[in-house]
Amino acid sequence: MQPINEMKFEFISRSSNESFARATVAAFISQIDPTISELADIKTAVSEAVTNCIVHAYNNKFGTIYISVKIYENGRVIIKIRDKGCGIENIDKAMEPLFTTGGEERAGLGFAVMQSFMDNIKVISKPNKGTTVTLEKSIIPRIVKNG
Amino acid sequence: MGVKLVSQGEEVIAFINGDIDHHSASDIRKEIDAITEEKWPQLLKLDFSSVQFMDSSGIGLIMGRYKLMQRLGGKLLIVNIPSHIIRLIKLSGLSELGIIKREDETIDATHK
Ligand SMILES: Nc1ncnc2c1ncn2[C@@H]1O[C@H](COP(=O)(O)OP(=O)(O)OP(=O)(O)O)[C@@H](O)[C@H]1O
Ligand SMILES: [Mg+2]
(Lines give C-alpha, C1' and ligand atoms only; values in the text may rest on other atoms or scores of the structure.)
(Ligands and ions follow the chains in the order given, each with its own letter.)
Protein backbone atom coordinates (compact mmCIF):
# COMPACT_ATOMS: atom_id res chain seq x y z
CA MET A 1 0.00 0.00 0.00
CA GLN A 2 1.26 3.47 -0.88
CA PRO A 3 1.33 6.18 1.78
CA ILE A 4 -0.88 9.19 1.11
CA ASN A 5 1.80 11.46 2.56
CA GLU A 6 5.41 11.13 3.61
CA MET A 7 8.30 13.16 5.05
CA LYS A 8 11.91 12.65 6.06
CA PHE A 9 14.39 14.62 8.08
CA GLU A 10 17.78 14.14 9.70
CA PHE A 11 19.74 15.94 12.39
CA ILE A 12 22.86 15.69 14.57
CA SER A 13 22.57 13.73 17.82
CA ARG A 14 22.62 16.74 20.11
CA SER A 15 20.30 16.45 23.10
CA SER A 16 18.91 19.91 22.35
CA ASN A 17 17.35 18.34 19.21
CA GLU A 18 15.15 15.96 21.23
CA SER A 19 12.30 18.46 21.52
CA PHE A 20 12.78 19.55 17.89
CA ALA A 21 12.41 15.95 16.70
CA ARG A 22 9.22 15.11 18.61
CA ALA A 23 7.62 18.47 17.79
CA THR A 24 8.41 18.06 14.09
CA VAL A 25 6.87 14.59 13.90
CA ALA A 26 3.82 15.82 15.80
CA ALA A 27 3.42 18.83 13.50
CA PHE A 28 3.40 16.58 10.42
CA ILE A 29 0.88 14.15 11.91
CA SER A 30 -1.39 17.01 13.01
CA GLN A 31 -2.79 17.20 9.47
CA ILE A 32 -4.82 14.02 10.03
CA ASP A 33 -6.46 15.57 13.08
CA PRO A 34 -5.29 13.37 15.97
CA THR A 35 -6.56 13.94 19.51
CA ILE A 36 -4.28 15.72 21.98
CA SER A 37 -3.79 12.41 23.73
CA GLU A 38 -2.86 10.52 20.54
CA LEU A 39 -0.36 13.25 19.72
CA ALA A 40 1.08 13.16 23.25
CA ASP A 41 1.57 9.38 22.94
CA ILE A 42 3.43 9.81 19.65
CA LYS A 43 5.62 12.62 21.02
CA THR A 44 6.57 10.52 24.02
CA ALA A 45 7.44 7.45 21.92
CA VAL A 46 9.50 9.51 19.45
CA SER A 47 11.30 11.17 22.33
CA GLU A 48 12.22 7.73 23.72
CA ALA A 49 13.59 6.47 20.42
CA VAL A 50 15.55 9.67 19.67
CA THR A 51 16.98 9.80 23.19
CA ASN A 52 18.17 6.20 22.81
CA CYS A 53 20.07 7.19 19.65
CA ILE A 54 21.76 10.06 21.50
CA VAL A 55 22.46 8.30 24.81
CA HIS A 56 23.21 4.75 23.67
CA ALA A 57 23.80 4.51 19.91
CA TYR A 58 26.19 7.44 19.64
CA ASN A 59 27.00 7.52 23.36
CA ASN A 60 27.45 11.30 23.45
CA LYS A 61 29.62 11.38 20.34
CA PHE A 62 27.97 13.07 17.38
CA GLY A 63 26.25 11.12 14.65
CA THR A 64 23.21 11.55 12.44
CA ILE A 65 19.68 10.52 13.36
CA TYR A 66 17.26 9.81 10.50
CA ILE A 67 13.49 10.00 10.87
CA SER A 68 10.80 9.22 8.33
CA VAL A 69 7.05 9.48 8.79
CA LYS A 70 4.48 7.88 6.51
CA ILE A 71 0.75 8.44 6.68
CA TYR A 72 -1.57 5.84 5.15
CA GLU A 73 -5.23 5.67 4.27
CA ASN A 74 -7.38 5.01 7.41
CA GLY A 75 -5.02 7.11 9.54
CA ARG A 76 -2.25 4.55 9.95
CA VAL A 77 1.04 6.27 10.80
CA ILE A 78 4.47 4.66 10.53
CA ILE A 79 7.49 6.39 12.05
CA LYS A 80 11.04 5.12 11.55
CA ILE A 81 13.91 6.33 13.74
CA ARG A 82 17.32 5.19 12.55
CA ASP A 83 20.91 5.59 13.74
CA LYS A 84 24.29 4.35 12.58
CA GLY A 85 25.56 3.87 16.10
CA CYS A 86 26.78 0.97 18.23
CA GLY A 87 23.78 -1.30 17.63
CA ILE A 88 22.10 -3.66 20.10
CA GLU A 89 23.65 -7.04 20.88
CA ASN A 90 20.52 -8.67 22.30
CA ILE A 91 17.26 -6.96 21.31
CA ASP A 92 14.95 -9.15 23.43
CA LYS A 93 16.99 -8.37 26.50
CA ALA A 94 17.19 -4.64 25.66
CA MET A 95 13.41 -4.49 25.40
CA GLU A 96 12.77 -6.02 28.82
CA PRO A 97 11.33 -3.40 31.18
CA LEU A 98 13.94 -2.02 33.61
CA PHE A 99 16.88 -3.33 31.56
CA THR A 100 19.38 -0.54 31.06
CA THR A 101 23.05 -0.10 30.27
CA GLY A 102 22.63 3.59 31.08
CA GLY A 103 23.44 3.73 34.80
CA GLU A 104 21.72 5.41 37.76
CA GLU A 105 19.77 8.12 35.95
CA ARG A 106 18.11 5.82 33.38
CA ALA A 107 15.01 3.84 34.24
CA GLY A 108 15.23 1.21 31.50
CA LEU A 109 11.67 2.01 30.47
CA GLY A 110 12.08 3.56 27.01
CA PHE A 111 11.05 0.47 25.04
CA ALA A 112 8.24 -0.30 27.50
CA VAL A 113 6.88 3.23 26.94
CA MET A 114 7.11 2.88 23.14
CA GLN A 115 5.32 -0.47 23.37
CA SER A 116 2.57 0.84 25.58
CA PHE A 117 1.98 4.19 23.84
CA MET A 118 2.04 2.89 20.24
CA ASP A 119 0.11 0.07 18.57
CA ASN A 120 3.22 -1.68 17.36
CA ILE A 121 7.02 -1.47 17.58
CA LYS A 122 9.70 -3.27 15.60
CA VAL A 123 13.43 -3.10 16.28
CA ILE A 124 16.13 -4.08 13.83
CA SER A 125 19.74 -3.77 14.90
CA LYS A 126 23.24 -4.87 14.02
CA PRO A 127 26.22 -4.38 16.35
CA ASN A 128 28.47 -1.58 15.09
CA LYS A 129 26.11 -0.84 12.20
CA GLY A 130 23.12 0.76 13.87
CA THR A 131 19.50 0.43 14.86
CA THR A 132 16.12 1.11 13.26
CA VAL A 133 13.04 1.45 15.42
CA THR A 134 9.69 1.35 13.61
CA LEU A 135 6.69 2.72 15.47
CA GLU A 136 3.14 2.29 14.30
CA LYS A 137 -0.11 3.85 15.43
CA SER A 138 -3.57 4.19 13.93
CA ILE A 139 -5.11 7.60 14.33
CA ILE A 140 -8.84 7.10 14.61
CA PRO A 141 -10.71 9.34 12.15
CA ARG A 142 -12.76 12.07 13.84
CA ILE A 143 -16.04 10.83 12.36
CA VAL A 144 -15.59 7.54 14.20
CA LYS A 145 -14.37 9.26 17.38
CA ASN A 146 -17.47 11.43 17.45
CA GLY A 147 -19.65 8.31 17.19
CA MET B 1 11.67 26.18 31.55
CA GLY B 2 13.69 24.58 34.33
CA VAL B 3 13.24 24.44 38.05
CA LYS B 4 12.47 26.86 40.88
CA LEU B 5 13.70 25.86 44.31
CA VAL B 6 12.23 26.84 47.65
CA SER B 7 13.76 25.81 50.96
CA GLN B 8 11.67 26.21 54.08
CA GLY B 9 12.43 24.57 57.41
CA GLU B 10 12.97 20.86 56.94
CA GLU B 11 11.59 20.92 53.40
CA VAL B 12 12.95 21.61 49.96
CA ILE B 13 10.35 22.10 47.22
CA ALA B 14 11.32 21.95 43.55
CA PHE B 15 8.79 23.41 41.12
CA ILE B 16 9.60 21.84 37.76
CA ASN B 17 8.57 23.81 34.71
CA GLY B 18 8.23 22.85 31.03
CA ASP B 19 9.50 19.63 29.47
CA ILE B 20 11.37 16.85 31.25
CA ASP B 21 13.43 14.97 28.69
CA HIS B 22 17.01 13.73 28.62
CA HIS B 23 18.20 17.20 27.57
CA SER B 24 16.51 19.19 30.33
CA ALA B 25 16.80 16.53 33.04
CA SER B 26 20.53 16.99 33.62
CA ASP B 27 20.21 20.69 34.57
CA ILE B 28 17.12 20.02 36.69
CA ARG B 29 18.96 17.20 38.44
CA LYS B 30 22.05 19.31 39.14
CA GLU B 31 20.03 22.17 40.63
CA ILE B 32 17.90 19.91 42.83
CA ASP B 33 20.90 17.89 44.04
CA ALA B 34 22.96 20.99 44.86
CA ILE B 35 20.38 22.46 47.24
CA THR B 36 19.38 19.06 48.64
CA GLU B 37 22.96 18.10 49.50
CA GLU B 38 23.50 21.52 51.04
CA LYS B 39 20.32 21.59 53.19
CA TRP B 40 19.85 17.89 53.99
CA PRO B 41 16.04 18.33 54.24
CA GLN B 42 13.79 15.70 55.82
CA LEU B 43 11.47 16.07 52.86
CA LEU B 44 12.18 16.78 49.21
CA LYS B 45 9.01 17.65 47.31
CA LEU B 46 8.92 17.71 43.51
CA ASP B 47 5.98 19.75 42.25
CA PHE B 48 4.98 18.61 38.76
CA SER B 49 2.03 20.96 38.21
CA SER B 50 3.83 22.92 35.44
CA VAL B 51 5.34 19.95 33.62
CA GLN B 52 4.15 20.08 29.99
CA PHE B 53 5.86 16.97 28.69
CA MET B 54 7.73 14.07 30.22
CA ASP B 55 9.33 10.85 28.94
CA SER B 56 11.19 8.09 30.77
CA SER B 57 14.00 10.53 31.55
CA GLY B 58 11.56 11.98 34.10
CA ILE B 59 11.16 8.56 35.67
CA GLY B 60 14.95 8.31 35.90
CA LEU B 61 15.02 11.76 37.49
CA ILE B 62 12.49 10.71 40.15
CA MET B 63 14.24 7.41 40.87
CA GLY B 64 17.59 9.15 41.19
CA ARG B 65 16.18 11.68 43.69
CA TYR B 66 14.50 8.82 45.58
CA LYS B 67 17.88 7.14 46.02
CA LEU B 68 19.48 10.44 47.00
CA MET B 69 16.89 11.02 49.74
CA GLN B 70 17.36 7.44 50.96
CA ARG B 71 21.08 8.10 51.29
CA LEU B 72 20.40 11.33 53.19
CA GLY B 73 17.84 9.63 55.44
CA GLY B 74 14.90 11.74 54.24
CA LYS B 75 11.78 11.31 52.15
CA LEU B 76 10.77 12.16 48.61
CA LEU B 77 7.27 13.15 47.58
CA ILE B 78 5.96 13.89 44.07
CA VAL B 79 2.99 16.25 44.10
CA ASN B 80 0.51 17.76 41.63
CA ILE B 81 1.02 15.31 38.78
CA PRO B 82 -0.94 16.48 35.72
CA SER B 83 -3.33 13.92 34.23
CA HIS B 84 -1.33 13.62 31.01
CA ILE B 85 1.65 12.13 32.84
CA ILE B 86 -0.26 9.66 35.01
CA ARG B 87 -0.13 6.83 32.47
CA LEU B 88 3.66 7.07 32.33
CA ILE B 89 3.91 7.12 36.13
CA LYS B 90 1.65 4.06 36.40
CA LEU B 91 3.68 2.16 33.82
CA SER B 92 6.88 2.89 35.72
CA GLY B 93 5.74 1.21 38.92
CA LEU B 94 6.81 4.30 40.89
CA SER B 95 3.41 4.39 42.59
CA GLU B 96 4.46 1.33 44.59
CA LEU B 97 7.21 3.30 46.33
CA GLY B 98 4.56 5.41 48.09
CA ILE B 99 6.08 8.68 46.90
CA ILE B 100 3.31 9.82 44.57
CA LYS B 101 0.59 12.16 45.74
CA ARG B 102 -2.24 12.96 43.35
CA GLU B 103 -3.93 16.36 43.33
CA ASP B 104 -7.19 14.80 44.44
CA GLU B 105 -5.71 12.90 47.38
CA THR B 106 -5.81 14.13 50.93
CA ILE B 107 -2.55 15.23 52.48
CA ASP B 108 -0.58 12.43 54.08
CA ALA B 109 -0.72 13.11 57.84
CA THR B 110 2.99 12.46 58.27
CA HIS B 111 3.89 15.26 55.88
CA LYS B 112 1.74 18.10 57.17
N1 LIG C 1 19.45 3.03 19.41
C2 LIG C 1 20.10 2.23 20.28
N3 LIG C 1 21.40 1.89 20.05
C4 LIG C 1 22.08 1.09 20.93
N5 LIG C 1 21.55 0.59 22.07
C6 LIG C 1 20.27 0.89 22.36
C7 LIG C 1 19.48 1.73 21.49
N8 LIG C 1 18.25 1.86 22.04
C9 LIG C 1 18.26 1.14 23.16
N10 LIG C 1 19.46 0.55 23.38
C11 LIG C 1 19.83 -0.36 24.51
O12 LIG C 1 18.62 -0.85 25.07
C13 LIG C 1 18.56 -0.55 26.48
C14 LIG C 1 17.12 -0.30 26.88
O15 LIG C 1 16.60 0.89 26.27
P16 LIG C 1 15.39 1.66 26.97
O17 LIG C 1 15.10 2.87 26.20
O18 LIG C 1 14.29 0.69 27.21
O19 LIG C 1 15.98 2.03 28.41
P20 LIG C 1 17.11 3.12 28.73
O21 LIG C 1 17.33 4.02 27.58
O22 LIG C 1 18.30 2.40 29.26
O23 LIG C 1 16.44 3.93 29.94
P24 LIG C 1 15.28 5.06 29.76
O25 LIG C 1 14.77 4.98 28.36
O26 LIG C 1 14.24 4.66 30.77
O27 LIG C 1 15.93 6.34 30.08
C28 LIG C 1 19.49 0.62 26.65
O29 LIG C 1 19.98 0.74 27.96
C30 LIG C 1 20.57 0.32 25.63
O31 LIG C 1 21.48 -0.62 26.15
MG1 LIG D 1 15.77 4.93 26.60
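Just so it is clear: chains get the letters A, B, ... in the order the sequence lines come, proteins before strands, and each one is counted from 1.
With respect to the salt-bridge test (charged N to carboxylate O, under 4.0 angstrom), the residues A:E38 and A:K137 do not qualify.
In this structure, A:S13 contributes its side chain and A:G63 its backbone to a donor-acceptor pair below 3.5 Å. No side-chain donor-acceptor contact under 3.5 Å links B:D47 to the backbone of B:I13. In terms of modelled atom types and a separation under 3.5 Å, the side chain of B:S49 and the main chain of B:N80 share no donor-acceptor contact. With hydrogens and angles ignored, the 3.5 Å screen pairs a side-chain donor or acceptor of A:S125 with a backbone N or O of A:G130. Between the B:D19 side chain and the B:D21 main chain, no donor and acceptor come within less than 3.5 Å of each other.
Note: A:F9 and A:F28 fail the aromatic proximity criterion, with ring centroids not under 6.0 Å apart.
In this structure, the portion of A:R22 lying under 4.5 Å from any heavy atom of chain B is its side chain and not its backbone. For a residue to count as touching a neighbouring chain, one of its non-hydrogen atoms must lie under 4.5 Å from one of that chain's; by this rule B:H84 does not touch chain A.
Within the 4.5 Å cutoff, the side chain of A:Y66 has no heavy atoms near those of the A:T132 side chain.
Atoms NZ and SG, on A:K129 and A:C86 in that order, are 13.5 Å from each other to the nearest 0.5 Å.
Annotation: residues 115-123 of chain A contacts chain B through A:S116, A:F117 [non-hydrogen atoms, separation under 4.5 Å]. Within residues 39-55 of chain A, the residues that have a heavy atom under 4.5 Å from a heavy atom of chain B are A:D41, A:K43, A:T44, A:S47, A:E48, A:T51, A:I54, A:V55, listed by number.
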Which is it for B:I89 and B:M54 under the side-chain contact (heavy atoms from CB on, under 4.5 Å) test, yes or no, and what are the steps along the way? CA-CA 10 Å; B:I89 299 273; B:M54 176 170 131; 4.1 Å; yes
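A donor-acceptor contact under 3.5 angstrom links the side chains of B:H23 and A:S15, judged on distance only.
Interface summary for chain A: among B:K67, B:M63, B:R29, B:R87, the most heavy-atom pairs under 4.5 angstrom belong to B:R87.
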